[in-house]
**Q** 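Just dropping this structure here.
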Amino acid sequence: MTRALDPAAYNPGFSRRNGRTFCEDIPLSAIAQRAGTPAYVYSQSAIEGAYLGLDRALTRALGKAPHSICYAVKANSNLNLLRLLARLGSNFDIVSGGELERLRRAGISARRAVFSGVGKTREEISEALCGGVLIFNVESPAELELLEREAARLRKRAAASIRVNPDVEAGAHPHIATGRRHHKFGVDWLQARRMYVSHRNSKWIAWQGISAHVGSQVLSLTPYRQALARLADYVRDLARAGVSLRYLDIGGGLGVRYTTEHPPTYSAYARTLATQTRGLGCHLLIEPGRSIVAAAGVLLMRVLYTKETRGKRFVVVDAAMNDFMRPALYSAVHPITQVEKHAGGKMKKVAIVGPVCETGDEFHDAWPLGDVKAGDVLALWGAGAYGASMASNYNSRPRPAEVLVEGKRFRGIRKRETRADMIRGE
């Protein structure tokens, strides 16, 4: 197998030894045997390494200028991973009242949360105000009016930023690009400036920052340079207008390697942020999700059947699009490999499909795979982000288990959903 198709060679926390694939010091086959399949498996050391590596790169590049990493909860919202990141010092980026509740259940103060999202409800705003969130990223004039009314009603001054749409092309899939003027996120600069100036003396709105987000799975630093150059100009313009800002939030979106991508290094990313924000006197906020957890996770699946139809080979597995949506939703390419390679046999291109009653329930149409048989375990790589958090019960399929590996030990961090769990509340 070539290096490009051997993710164990470039995903931290995983390795291949004598034909067997390990997560830290445990064979994935042993985890599949005990935890069952489908199952998400995460490497704790990989998550810790990604977070601390990014934090160190920012510290080196920024020097004495303050920064905070606000992990994007939407990427993977398991309570155990949130607690792990909180212990490392992370703040958090949330986009719903449900994610705020997850922080509360994990024992994490709302004061460590930045609240983003275009459709915050009155109830969510009220809950976040009462919890004392670090800052609201406001995304429309109507939301600003609602935030001000709720703050006045509760007599709690709201720390706020405006999410400005920088109109920057990030090159991501259309469904995960967020920074162009035709996208739903944020407001344009002229409108944002009017909002800042009209509320600079508000009793209940305390302007604290400015925010932008260019997209997700961004593989070039150019969009960050462009967006930050514009934000820096806006910060200076607002200062001249009597609005001084403490925070500059550039969002997340840094890409990762799934197959042959070449994302920027943490060091290059941090240097870009430092260069573009030097001299502003702002506390830098970033909101990574994928770049912290994606490479730390795999989805284990078991082969159910193999078949051939008019020369096309199919491998039917027990995981499906409801367990992992990214291939169906974004045409995302995630490597799939055997966790234990059989001796001999050559690679053949096969369609790897799930049991859901949709033609789109296909992980790959022509993926190179060695000889497999019913019962063999496969691993889908890069599944730590936007995997379990996007899973559903489509076709009335219970959601997978989740497992966290630490050295020679592993533990379940989410029980496999049962059919009773699935229909509870109906």
Side-chain angles (χ1 to χ4, degrees), residues 1-17 19-24 26-32 35 37-47 49-50 75-76 81 216-217 219 254-263 289-303 315 317-321 323-341 347 349-354 362-370 372 376-391 400-405 410:
M1 184 180 292
T2 66
R3 184 178 177 85
L5 294 179
D6 185 5
Y10 57 83
N11 280 277
F14 296 88
S15 61
R16 205 177 304 279
R17 311 173 196 172
R20 305 176 79 193
T21 309
F22 284 70
C23 179
E24 301 196 16
I26 304 179
L28 288 178
S29 56
I31 297 175
T37 56
Y40 283 96
V41 179
Y42 310 119
S43 162
Q44 180 167 315
S45 68
I47 296 172
N76 190 320
L81 302 191
S216 191
Q217 184 57 1
L219 298 172
L254 186 65
V256 300
R257 179 179 181 179
Y258 289 117
T259 52
T260 58
E261 299 91 341
H262 296 285
R290 184 192 313 268
S291 59
I292 299 296
V293 294
V298 297
L299 174 61
L300 297 183
M301 56 187 73
R302 197 175 293 275
V303 175
V315 174
V317 296
D318 63 357
M321 64 186 292
D323 302 309
F324 191 73
M325 279 289 295
R326 297 196 74 253
L329 192 60
Y330 305 127
S331 300
V333 178
H334 288 256
I336 294 179
T337 63
Q338 298 160 273
V339 303
E340 293 193 356
K341 293 176 63 177
M347 306 291 281
K349 289 192 175 181
V350 300
I352 304 174
V353 302
E362 181 177 78
F363 295 113
H364 289 286
D365 181 62
W367 185 256
L369 196 66
V372 295
D376 285 354
V377 179
L378 308 180
L380 180 149
W381 295 80
Y386 305 105
S389 64
M390 296 179 75
E402 293 177 80
V403 171
L404 182 63
V405 178
F410 73 90

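Count residues from 1 along the sequence. What you see is a predicted model; the values in this text were computed from it and never measured.
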**Q** Output all residues satisfying side chain to side chain donor-acceptor pair (under 3.5 Å) with Glu24, sequence neighbours left out; order by chain, then residue number.
**A**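 Scan of Glu24 (side chain to side chain donor-acceptor pair (under 3.5 Å), adjacent residues dropped) gives Ser43, Ser45.
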**Q** Kindly indicate whether the side chain of Leu378, heavy atoms from C-beta on, has any atom under 4.5 Å from the side chain of Leu369.
**A**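 A side-chain contact exists here, since the closest heavy-atom pair is under 4.5 Å.
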**Q** If you define the side chain from C-beta out and look only at heavy atoms, does anything of Trp367 sit under 4.5 Å from Val333?
**A**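 Trp367 reaches Val333 side chain to side chain.
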**Q** For Tyr42, what residues pass the side chain to side chain donor-acceptor pair (under 3.5 Å) criterion, not counting sequence neighbours?
**A**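 Tyr42 satisfies side chain to side chain donor-acceptor pair (under 3.5 Å) with Asn76, Glu402 once adjacent residues are dropped.
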**Q** Does any non-hydrogen side-chain atom of Val377 lie less than 4.5 Å from one of Ser29?
**A**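 When only atoms from C-beta onward are counted, Val377 and Ser29 do not touch, as no gap falls below 4.5 Å.
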**Q** With sequence neighbours left out, what residues match Pro12 under side chain to side chain contact (heavy atoms under 4.5 Å, CB included)?
**A**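 Once residues adjacent in sequence are excluded, the partners of Pro12 under the side chain to side chain contact (heavy atoms under 4.5 Å, CB included) criterion are Ala46, Ala295.
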**Q** Would you please test Val317 and Val353 for side chain to side chain contact (heavy atoms under 4.5 Å, CB included) and show each step?
**A** CA-CA 6 Å; Val317 296; Val353 302; over 6 Å; no
**Q** Does Leu380 reach the side chain of Val298, with side-chain heavy atoms less than 4.5 Å apart?
**A**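 With C-beta onward as the side chain, the pair stays apart.
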**Q** Go through the side-chain N and O atoms of Ser15 and Arg17 and say whether any donor and acceptor fall under 3.5 Å apart.
**A**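 Distance-only check passes for Ser15 and Arg17.
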**Q** For His364 and Ile336, what are the C-alpha separation, side-chain angles and deciding distance, and is it a side chain to side chain contact (heavy atoms under 4.5 Å, CB included)?
**A** CA-CA 9 Å; His364 289 286; Ile336 294 179; 3.7 Å; yes
**Q** Which residues pass the side chain to side chain contact (heavy atoms under 4.5 Å, CB included) test with Ala320, sequence neighbours left out?
**A**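 Partners of Ala320 by the side chain to side chain contact (heavy atoms under 4.5 Å, CB included) criterion, ordered by chain and then number, come out as Asn322, Asp323, Pro355, Val356, Asp361, Arg397.
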**Q** Mind checking salt bridge (Lys or Arg N to Asp or Glu O under 4.0 Å) for Asp318 and listing every partner two or more places apart, or none if nothing turns up?
**A**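 Per chain and number, Asp318 pairs via salt bridge (Lys or Arg N to Asp or Glu O under 4.0 Å) with no residue.
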**Q** I'd like to check the side chain to side chain contact (heavy atoms under 4.5 Å, CB included) partners of Ala35; sequence neighbours left out, ordered by chain and number.
**A**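 Partners of Ala35 under the side chain to side chain contact (heavy atoms under 4.5 Å, CB included) test: Ile31, Val403.
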**Q** One pair to check against side chain to side chain contact (heavy atoms under 4.5 Å, CB included): Met390 and Leu329. What are the steps and the verdict?
**A** CA-CA 11 Å; Met390 296 179 75; Leu329 192 60; 3.4 Å; yes
**Q** With sequence neighbours excluded, what pairs up with Thr21 under the side chain to side chain donor-acceptor pair (under 3.5 Å) test?
**A**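 Thr21 satisfies side chain to side chain donor-acceptor pair (under 3.5 Å) with Arg16 once adjacent residues are dropped.
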**Q** Do Arg290 and Tyr386 form a cation-pi contact, if we require the NZ or CZ to be under 6.0 Å from the six-membered ring centre and within 45 degrees of the ring's axis?
**A**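 Because its charged atom misses either the 6.0 Å distance or the 45° angle limit, Arg290 does not stack over Tyr386.
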**Q** Would you give the length of the straight line joining atom CZ of Phe410 to atom CD1 of Ile26, rounded to the nearest 0.5 angstrom?
**A**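 Here the interatomic distance stands at 6.0 Å.
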**Q** For Phe14, which residues count as a ring pair (Phe, Tyr, Trp, His ring centres under 6.0 Å) partner, sequence neighbours excluded?
**A**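 Result, ring pair (Phe, Tyr, Trp, His ring centres under 6.0 Å) vs Phe14: Trp381.
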**Q** Which atoms form the tightest heavy-atom contact between Arg302 and Ala32, and what is the distance?
**A**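 Closest approach of Arg302 to Ala32, heavy atoms only: NH2-O, 3.7 Å.
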**Q** Treating Gln217 as the side-chain partner and Val256 as the backbone partner, does any N or O pair qualify as donor plus acceptor under 3.5 Å?
**A**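 Yes, because the side chain of Gln217 sits within donor-acceptor range (under 3.5 Å) of the backbone of Val256.
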**Q** Shortest non-hydrogen contact from Val315 to Val372?
**A**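 Minimum heavy-atom contact is CG2-CG2, 3.9 Å.
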**Q** Once rounded to the nearest 0.5 Å, what's the spacing between atom CG of Leu81 and atom CG of Leu404?
**A**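 Leu81 atom CG to Leu404 atom CG measures 6.0 Å (nearest 0.5 Å).
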**Q** Considering non-hydrogen atoms only, spot the tightest contact between Arg326 and Ala332 and give its length.
**A**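 Distance-wise, the nearest heavy atoms are NH1-CB, 3.2 Å.
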**Q** Determine, stepwise, if the pair Met325 / Tyr330 fulfils side chain to side chain contact (heavy atoms under 4.5 Å, CB included).
**A** CA-CA 8 Å; Met325 279 289 295; Tyr330 305 127; over 6 Å; no
**Q** Output all residues satisfying ring pair (Phe, Tyr, Trp, His ring centres under 6.0 Å) with His334, sequence neighbours left out; order by chain, then residue number.
**A**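 In terms of ring pair (Phe, Tyr, Trp, His ring centres under 6.0 Å), with neighbours along the sequence ignored, His334 is linked to Tyr258, Phe324.
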**Q** Minimum heavy-atom separation for Gly255 and Pro263, please, with both atom names.
**A**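 Smallest interatomic distance, heavy atoms only, reads O-CB, 3.3 Å.
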**Q** For Ile292 versus Ala50, what's the shortest heavy-atom pair and its separation?
**A**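 For Ile292 and Ala50, the tightest heavy-atom pair comes out as O-CB, 3.5 Å.
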